[in-house]
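Here is the structure we will look at, set down as structure tokens.
The shown structure was predicted, so the numbers you read here are calculated from the model rather than taken from an experiment. All residue numbers refer to positions in the sequence shown, counting from 1.
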Amino acid sequence: MSATYTSASGSTFGEVLLSLRTAAGLSQAGLALASGMSVRALRELERGRASAPQERSTELLADALGLAGDARESFLSLARQGRRRSTGAAKGAALRSLPAVSGLVGRQPELLRLSREAEAGGVVVIAGPPGVGKTSLAVAAAEELLSFFPDGCLALDLRGVDERPLSSAAALEQVLTSLDVPPGRMPATVDERSSLFRKGLRDRRVLVVLDNAFDEGQIRPLLAMSEGCLTIVTCRRVLAGLESARWVLLDTLPENSAVELVAAVAGEHVVREEPQAVRELVALCGNLPLAVRMVGNRLAAGSSGRSVAALVGELRDERRRLDSLSMGNEDLRTAFSASYRVLSPRARSVFRRLALIPGVHFDDDLAAVATGVPVAEVGLVLDELVEMSLLTITTEFVRFQFHDLVRIFARERWLEEEPQDVRDQLRDAFAAHVLGLASAAGMLFLPHVREVPRGCPFRSQEEAAEWLEQEASNWSAVHREAAALGRHRAVFDFAGAIHRYAFGREQKHRWDEVFELALQAARAFGDRRGEVEMLSLLGWTQDRCADDPELALATLRKAVSVAEEIGHHRIVMSANASIGLALTRLGRFEEALEHNTLACEGSGEFDYFQQRVWTFLALGTSLLGARRFSDALELFTSTLDQAEQNRDQTNPETARRVTALLLTLMGDSLSALGRWEEAADSYHGARTTIGALQMSYRTEAELALSEGVARRRTGEVEQARACLMFALGKLDALGNRGQREMAEAELALLPG
């Protein structure tokens, strides 16, 4: 098409759009599908009820209509003229008391959502924590949506977090003045002003932006009821009591968008020159837009030195971080203080005391212990903090979480406003509670514990495992703090209680740190038996968790030496078994077999599941590594028989873990011997036994892959395909590239 369109021709943008759509043979629905705009938006444009779309939407329309060259430029120019006419002519079009937005980044999904809401009208609440960019989003959305509201935009700051928020009466007076109501005709009451305001917007299309609202009561009289109007409210509270409102709950930026914001503010060269440092910088800002913009401004101004790394080093110190996150008259601490100030006195107390909780998230029970508020009452206070966006709810369970910077602010309030004796009392009570629960949970996994003891806070092993998993960031941090405070007995007892829970979960937590702290505690109060027990556990975790078999060997040999010196025969035996496993991983099979044989010979005096079965497993693993496949298979088979005979001596989880591990190792032995059908059955048995258990030594996906390989070797094509497809799906989720490629290669070998 070569036609051009100008304002001089007298044609409006809508008329030209209708002409071009008709010439292209497109319906409104067809053009909507091709351009990504809605049918309603196109209808409003063609009828002249909206003057012109925003720049990006105009470009999408030009693409959908196939415009090029002069015709395209003319079309885009006509839209620009229409937007200027709309802005200039609209009554009350200037935004009042709201800051201009430059370089809004990472909010395209939210802007698109608000664009769709413009068609529906009504009320949309943008809610989120301080500094997340609610006002910036509202202003940017208003600028994009002005063309859809030819009768203008009314906007004002309601000062919701000020000491004296704007009253509904004063706010209505401002908007009525913008609608040309003279002072002499200004109604006296809120109800009368609200009625006049709504009457003034009747049959008009007006965008109303109410920024920084205080609560529902302040907002209700200001809501436009006209079908063609949209009211956008921003608030730190969720305003759940607003009837018929829709909500846009604003979160922090994704990492890439936060990096993009740094580039927009400080310059792309900053990101290009120090990409890793910039990523750490935005992480230290918690991806909070206000904080990211502040550090971007500091980099642009050169106040942090020559490099991003210098600013990163400054922000790493939590005690200085909020001081560092300020620029000009912007101060993140002030933003948080505004929300803190409007809380009820009890909510302020709970907010600062929650800083005592060290973990990533927490529930009502932990909140009650940390704050001293009864659990039956603390939920209402937590709801108030969520309502004010000072806490968020996370995960499928009811768990509460601080943003990292809000937590730092809460800790400042905790240190400044709570007396030292109160802080000490709450800290000690919280530590005793957490370590007590974690120890009770861990003891359910000791091999000799076959049922839940009376008085245990957990009803089952499964419930205990779930609690330990959910609260891992809390019990591990409390354990470290207890060590730092010199609570040696508590540190040691906790490690002793939880050590069996670590079996099969070696990669889930920093077990080497747990047992290192317990070792130091045992030495501090002079317990040599305790010292040698923790040396043995530490060496095992250095091999299995820290992946450092050489360091493990040094620790385990020290354990054997001290154990022999004091006559601790169980540790002599178990440490030798761990030495054998570490040597096997290093490929030193003959030495490994010597230590494993010695361990097996010394295990007869101990209970089967407490020690003996583990020494046989270690010996079999060394035989397998030494390629003595038949010997390994014979040992694993006899050990499985003994495990079944002694099954009633232990709890279900221990029995299942032993069975699954033995079946897995039997499958490895059978595969090495080329006995594929038996190997497939053994791997399948291991998969079936695992169930919901987590195992670090072989995942369910890896077992399915091994079974699939064996099934392919026996010609069981469909069974092999099912196993390999299952493995592929799981491995994709785990991001295991090497094994995923192996599964794909095995699938490619299958016929059909």
Quiz prompt | V373 side chain reached by R353 side chain, heavy atoms, under 4.5 Å | solution = no
Exercise. Could you tell me whether R321 and D404 make a salt bridge, using a distance below 4.0 angstrom between a side-chain N and a carboxylate O?
Key: no
Quiz item: Are the side chain of T58 and the backbone of A79 linked by a donor-acceptor contact shorter than 3.5 Å?
Solution: no
Quiz item: If you measure from CG on L158 to CG on L222, what distance do you get to the nearest 0.5 Å?
Solution: 6.5 Å
Exercise. Might you work through the side-chain hydrogen bond (donor to acceptor under 3.5 Å, both in side chains) test for E144 and S115, ending with a clear yes or no?
Key: CA-CA 8 Å; E144 284 206 4; S115 176; over 6 Å; no
Quiz item: Which heavy atom of V161 sits nearest a heavy atom of N212, and at what distance?
Solution: N-OD1, 3.7 Å
Quiz item: Do D157 and L166 touch side chain to side chain, with heavy atoms closer than 4.5 Å?
Solution: no
Quiz item: Hey, mind stepping through L391 and L354 against side chain to side chain contact (heavy atoms under 4.5 Å, CB included) and telling me if it holds?
Solution: CA-CA 10 Å; L391 284 180; L354 287 173; 4.0 Å; yes
Quiz item: Do NZ/NE/NH1/NH2 and the carboxylate oxygens of E280 and R316 come within less than 4.0 Å?
Solution: yes
Exercise. Give a yes or no answer on whether the side chain of H403 reaches the backbone of L390 with a donor-acceptor pair at less than 3.5 Å.
Key: no
Quiz item: Got a donor-acceptor contact below 3.5 angstrom from the E384 side chain to the S344 backbone?
Solution: yes
Quiz prompt | Pairing residues for R164 by the salt bridge (charged side-chain N to carboxylate O under 4.0 Å, His left out) criterion, not counting sequence neighbours | solution = none
Exercise. Please examine the side chains of N287 and P254, heavy atoms only from C-beta on, and report whether any two atoms are closer than 4.5 Å.
Key: no
Self-check item: Separation between SG of C229 and CZ of F149, rounded to the nearest 0.5 Å
Solution: 7.5 Å
Exercise. Identify the heavy atoms of V312 and L284 that sit nearest to each other, and give their distance.
Key: O-CD1, 3.7 Å
Quiz item: So which heavy atom on L145 is nearest to which on L114, and how close?
Solution: CD1-O, 3.9 Å
Quiz item: Any Lys/Arg nitrogen of D211 or K134 sitting under 4.0 Å from an Asp/Glu carboxylate oxygen of the other?
Solution: no
Quiz item: Are D363 and R399 close enough for a salt bridge, meaning some N to O gap below 4.0 Å?
Solution: yes
Self-check item: Within-4.5 Å side-chain heavy-atom neighbours: L61 and F75
Solution: yes
Exercise. Walk me through it: do L210 and T231 pass the test side chain to side chain contact (heavy atoms under 4.5 Å, CB included)?
Key: CA-CA 7 Å; L210 303 175; T231 301; 3.8 Å; yes
Self-check item: Any donor-acceptor N/O pair, R107 side chain to L250 backbone, under 3.5 Å
Solution: no
Self-check item: Exercise: identify the closest heavy-atom pair between V248 and E110
Solution: CG1-CG, 4.1 Å
Quiz item: Quick check: does any side chain N or O of T177 sit under 3.5 Å from a backbone N or O of E173, one acting as donor and the other as acceptor?
Solution: yes
Quiz item: Would you find a donor on one side and an acceptor on the other, under 3.5 Å apart, between the side chain of S337 and the backbone of R333?
Solution: yes
Quiz item: Is a salt bridge present between R348 and E417, judged by a nitrogen-to-oxygen distance below 4.0 Å?
Solution: no
Exercise. Among L230, L201, V175, find the one that has a side chain to side chain contact (heavy atoms under 4.5 Å, CB included) with V208.
Key: L201
Exercise. Determine, step by step, whether Q218 and D215 satisfy the side-chain hydrogen bond (donor to acceptor under 3.5 Å, both in side chains) criterion, reporting the C-alpha distance in whole Å, the side-chain angles of both residues, the deciding distance to 0.1 Å, and the verdict.
Key: CA-CA 6 Å; Q218 183 194 39; D215 62 10; over 6 Å; no
Quiz item: Say you draw a straight line from CZ of R352 to OG1 of T371; how long is it, rounded to the nearest 0.5 Å?
Solution: 11.0 Å
Quiz item: Is any side-chain heavy atom of V360 closer than 4.5 Å to a side-chain heavy atom of T394?
Solution: no
Quiz item: Would you find a donor on one side and an acceptor on the other, under 3.5 Å apart, between the side chain of S195 and the backbone of D191?
Solution: no
Self-check item: Atom pair CG/OG of L172 and S167 - distance to nearest 0.5 Å
Solution: 8.5 Å
Practice problem: Locate the shortest heavy-atom distance separating P165 from G160; write the atom from each residue and the value. | Solution: CG-O, 3.8 Å
Practice problem: Would you give the length of the straight line joining atom OG of S226 to atom CG of D203, rounded to the nearest 0.5 angstrom? | Solution: 6.5 Å
Quiz item: Considering all heavy atoms of both residues, which atom of P129 and which atom of S389 are nearest to each other, and what is their separation?
Solution: CB-O, 3.2 Å
Quiz item: With no hydrogens and no angle check, is any side-chain donor or acceptor of D151 less than 3.5 Å from a backbone partner on R204?
Solution: no
Exercise. Could you walk me through whether V125 and V238 pass the side chain to side chain contact (heavy atoms under 4.5 Å, CB included) test, one step at a time?
Key: CA-CA 8 Å; V125 177; V238 179; over 6 Å; no
Practice problem: Show your reasoning for whether salt bridge (charged side-chain N to carboxylate O under 4.0 Å, His left out) applies to R407 and E318. | Solution: CA-CA 10 Å; R407 180 195 293 278; E318 285 193 2; over 6 Å; no
Exercise. Find the distance between CG (D323) and CG (L332) and round it off to the nearest 0.5 Å.
Key: 11.0 Å
Quiz item: Judged by modelled atom types alone, do S339 and R236 share a side-chain donor-acceptor pair under 3.5 Å?
Solution: yes
Self-check item: Neighbour count >12 (heavy atoms, 6.0 Å) for atom CD, E255
Solution: yes
Practice problem: Run the numbers on Q401 and T392 for side-chain hydrogen bond (donor to acceptor under 3.5 Å, both in side chains), then give the verdict. | Solution: CA-CA 5 Å; Q401 185 171 10; T392 57; 4.6 Å; no
Quiz item: Where do R346 and E377 land on the side chain to side chain contact (heavy atoms under 4.5 Å, CB included) test, with the steps shown first?
Solution: CA-CA 11 Å; R346 195 177 205 189; E377 301 173 20; 2.7 Å; yes
Exercise. Using a 4.5 Å cut-off on heavy atoms from C-beta on, say whether the side chain of I393 contacts that of F400.
Key: yes
Exercise. Would you confirm whether R279, through its side chain, and V259, through its main-chain N or O, come within 3.5 Å as a donor-acceptor pair?
Key: no
Quiz prompt | Sub-4.5 Å side-chain heavy-atom contact between V282 and L261 | solution = no
Quiz item: With a 4.5 Å limit on heavy-atom distance, are the side chains of V295 and L315 in contact?
Solution: yes
Quiz item: Who are the ring pair (Phe, Tyr, Trp, His ring centres under 6.0 Å) partners of Y340, not counting sequence neighbours?
Solution: F351, F409
Exercise. Spell out, as yes or no, whether a donor-acceptor pair under 3.5 Å connects the side chain of R298 to the backbone of S324.
Key: yes
Quiz item: Quick one: do R113 and E117 make a salt bridge, cutoff under 4.0 Å?
Solution: yes
